[in-house]
Asks: 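Mind looking over this structure? Questions follow.
Just so you know, ligand 1 is whichever comes first in the structure, and atom 1 is the first atom listed for that ligand. Numbering starts at 1 and runs along the sequence shown.
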Amino acid sequence: MSRFLREKYMSMEPYTPGEQPQMKDLIKLNTNENPYPPSPKVISAILEGNTGDLLRYPDPEAKELVDAVAEYYGVSPKNVAVGNGSDEILAFVYMAFGEKVYFPSISYGFYPVFAETFMCDFEPIPLDDELKIVPDDYIGLDGTIILANPNAPTGMTLDPGAIEDIVKTNADHLVVIDEAYADFGTQSSIPLTEKYDNVLVVQTLSKSRSLAGMRIGLAIGPEEVIEDINKMKFSFNPYNLDRLAIRAGAAAIKDDEYFKKTRDMVIETRGWFTEKMRELGFTVLESKANFVFCKPDKISGTEYFEELRKRAVVVRHWDKDPIRDYVRITIGRDEDMQRLIEVTEEILCEKVK
Ligand SMILES: *Cc1c(COP(=O)(O)O)cnc(C)c1O
């Protein structure tokens, strides 16, 4: 730390991303990336697009992408904003609406970090003993509410009726639904954004569209809320999406057939993998995401995580209560999950006498 850092940032703990090991031959199931490549149409949009225009700044409105998203969801382009990943959209949310923020105590690790970065008052709300969000705890609060649906890292989904009740009973505050994983089997709250003026849905092309490396996030919501998001964007980084990202993102959204095919493959793998892990004695939470949150019954989560790592399988583990005994495993290709199961059998055999 230098002598020059602002005092309020001296004790700030930055977000720790899941490791991105650069070695080959590792089975990487730790950051919820899609195991399948982006649509071939995305690749041709990048490779065959005009490169002569790279000397010009990109379109600050990212119109090509905004229009594609609006058409896909049947909303007006005025209801759509785009960001450099949904992380940036969330940053805009905290900047614009972060006077006071509520979110679940176990959820996306960036929520409290953004609150520190943008100096927001915040209050994490505990989950119940089954690691579920308790919707009643979010009725009539006095600040912005941020809920990941499905939640991370549990993968569990909130009931659509429960979300609508939260929206209705917080009419004077914004309710933000982070749908990073909704494409893998959760009903979207986008229809609520047309019915209520206090809901914002945040999505990303990182997971279900296989574009984590391209950094594309979306916000869908009432026109005035989108205006506020764009006010933040134009006060921070108007060119937040580069030319390649705008083209690639639009191509990804338009190739719905490819999206559905790869999404269904992930869902199918999640199904058999969950069953198999339960047969091995694991508690596996009911996931609607492209990962499962599970705990072994005979060894600790920490030990399981470390033993997997020794065998070149990387998953995610948090050394904190009440999730220390769980690991989060991204759904990869069938052969990756098969390998993880073999390795798990090996570990259990060795460690459980
Ligand atoms: C992955 C993730 C994000 C961020 O995704 P980007 O890659 O920044 O678009 C946001 N929220 C949750 C819950 C996530 O898991």
Side-chain angles (χ1 to χ4, degrees), residues 14-20 28-35 38 42 62 65 69 80-95 101-115 117 124 127 131 133 144-158 163 175-186 188-189 200-220 229 232-233 236-237 240-242 245-246 248-249 252-253 263 266 270 285 287-293 315-316 318 323 328-331:
Y15 176 69
T16 325
E19 49 179 334
Q20 297 293 347
K28 187 177 180 306
L29 302 172
N30 68 331
T31 51
N32 298 341
E33 290 136 334
N34 202 304
V42 168
L65 175 58
V69 172
V80 178
V82 294
N84 191 266
S86 56
D87 285 340
E88 192 186 50
I89 299 274
L90 291 168
F92 295 153
V93 163
Y94 279 75
M95 286 182 206
V101 183
Y102 292 91
F103 45 78
S105 57
I106 302 294
S107 193
Y108 185 34
F110 227 134
Y111 298 157
V113 178
F114 282 130
T117 308
L127 303 181
L131 301 178
I133 291 172
T144 296
I145 297 172
I146 303 186
L147 291 169
N149 190 42
N151 196 18
T154 65
M156 290 189 287
T157 284
L158 275 170
I163 296 181
V175 179
V176 179
I177 310 294
D178 180 348
E179 295 189 345
Y181 303 103
D183 283 329
F184 299 101
T186 294
S188 173
S189 292
L200 182 73
V201 169
V202 178
Q203 293 194 350
T204 175
L205 302 206
S206 295
K207 280 105 185 198
S208 61
R209 261 83 174 187
S210 312
L211 284 173
M214 203 89 224
R215 314 306 304 129
I216 306 169
L218 313 173
I220 297 139
I229 293 283
M232 300 302 122
K233 159 175 155 157
F236 176 72
N237 184 12
N240 59 346
L241 265 74
D242 65 51
I246 293 170
I253 293 289
R263 176 203 55 190
V266 169
R270 180 181 73 202
L285 302 187
S287 171
K288 294 288 180 198
N290 67 338
F291 57 82
V292 297
F293 204 47
V315 301
R316 194 91 197 260
W318 288 270
I323 55 172
R328 189 194 67 191
I329 305 175
T330 302
I331 300 299

Asks: Do we get Arg328 above Phe293's six-membered ring, with its NZ or CZ under 6.0 Å from the centre and within 45° of the axis?
Replies: no

Asks: Counting only heavy atoms not in Tyr15 (residues, nucleotides, ligands), do more than 12 fall under 6.0 Å from its OH?
Replies: yes

Asks: What do you reckon, does Phe110 put a non-hydrogen atom under 4.0 Å from ligand 1?
Replies: no

Asks: Compute the shortest N/O to N/O distance between Tyr108 and ligand 1 and return yes if it is under 3.5 Å, no if not.
Replies: no

Asks: Could you measure the distance from the CZ atom of Arg316 to the OG1 atom of Thr16? Nearest 0.5 Å is fine.
Replies: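 Separation between the atoms: 7.0 Å.
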
Asks: List the closest protein heavy-atom neighbour of atom 5 (O) of ligand 1: residue, atom name, distance to the nearest 0.1 Å.
Replies: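 Among all protein heavy atoms, the one nearest atom 5 (O) of ligand 1 is Ser86 OG, 3.1 Å.
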
Asks: Below 3.5 Å, N or O to N or O, backbone or side chain included: is there any such pair between Asp178 and ligand 1?
Replies: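 Yes, at least one N or O pair falls under 3.5 Å.
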
Asks: Under a 4.0 angstrom heavy-atom cut-off, which atoms of ligand 1 come close to Arg215?
Replies: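 Going through ligand 1 atom by atom, the ones under 4.0 Å from Arg215 are 6 (P), 7 (O), 8 (O).
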
Asks: Going by the order shown, which atoms of ligand 1 are within less than 4.0 Å of some heavy atom of Gly85?
Replies: 8 (O), 9 (O)

Asks: Counting C-beta onward and ignoring hydrogens, is there a side-chain heavy-atom pair between Thr186 and Asn149 closer than 4.5 Å?
Replies: yes

Asks: Ignoring hydrogens and angles, state whether a donor on the side chain of Lys233 or Asn240 is under 3.5 Å from an acceptor on the partner side chain.
Replies: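 The answer is yes; a qualifying pair exists.
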
Asks: Which bit of Asp87 gets closer than 4.0 Å to ligand 1, counting heavy atoms only: side chain, backbone, both or neither?
Replies: both

Asks: Looking only at side chains, do Lys28 and Thr31 share a donor and an acceptor under 3.5 Å apart?
Replies: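 Yes.
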
Asks: Taking all atoms of both residues into account, what is the closest heavy-atom pair of Phe114 and Ala91, and its distance?
Replies: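 Closest approach of Phe114 to Ala91: CE2-CB, 3.7 Å.
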
Asks: Output, in order, the C-alpha distance, side-chain angles, deciding distance and verdict of side chain to side chain contact (heavy atoms under 4.5 Å, CB included) for Tyr102 and Ile146.
Replies: CA-CA 6 Å; Tyr102 292 91; Ile146 303 186; over 6 Å; no

Asks: Which protein heavy atom lies closest to atom 15 (O) of ligand 1, and at what distance to 0.1 Å?
Replies: Tyr181 OH, 2.6 Å

Asks: Check each atom of ligand 1 against the heavy atoms of Ser206 and keep those under 4.0 Å away; list them by number with element.
Replies: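 In order of number, 6 (P), 7 (O), 9 (O).
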
Asks: Considering only heavy atoms of Thr204, which atoms of ligand 1 have at least one such atom less than 4.0 Å away?
Replies: 5 (O), 6 (P), 7 (O), 9 (O)

Asks: Taking 4.0 angstrom as the limit and counting only heavy atoms of Lys207, give me the atoms of ligand 1 inside it, by number and element.
Replies: 1 (C), 2 (C), 3 (C), 4 (C), 5 (O), 14 (C), 15 (O)

Asks: Where does Glu88 meet ligand 1, judged by heavy-atom distances below 4.0 Å: at the side chain, the backbone, both, or neither?
Replies: neither

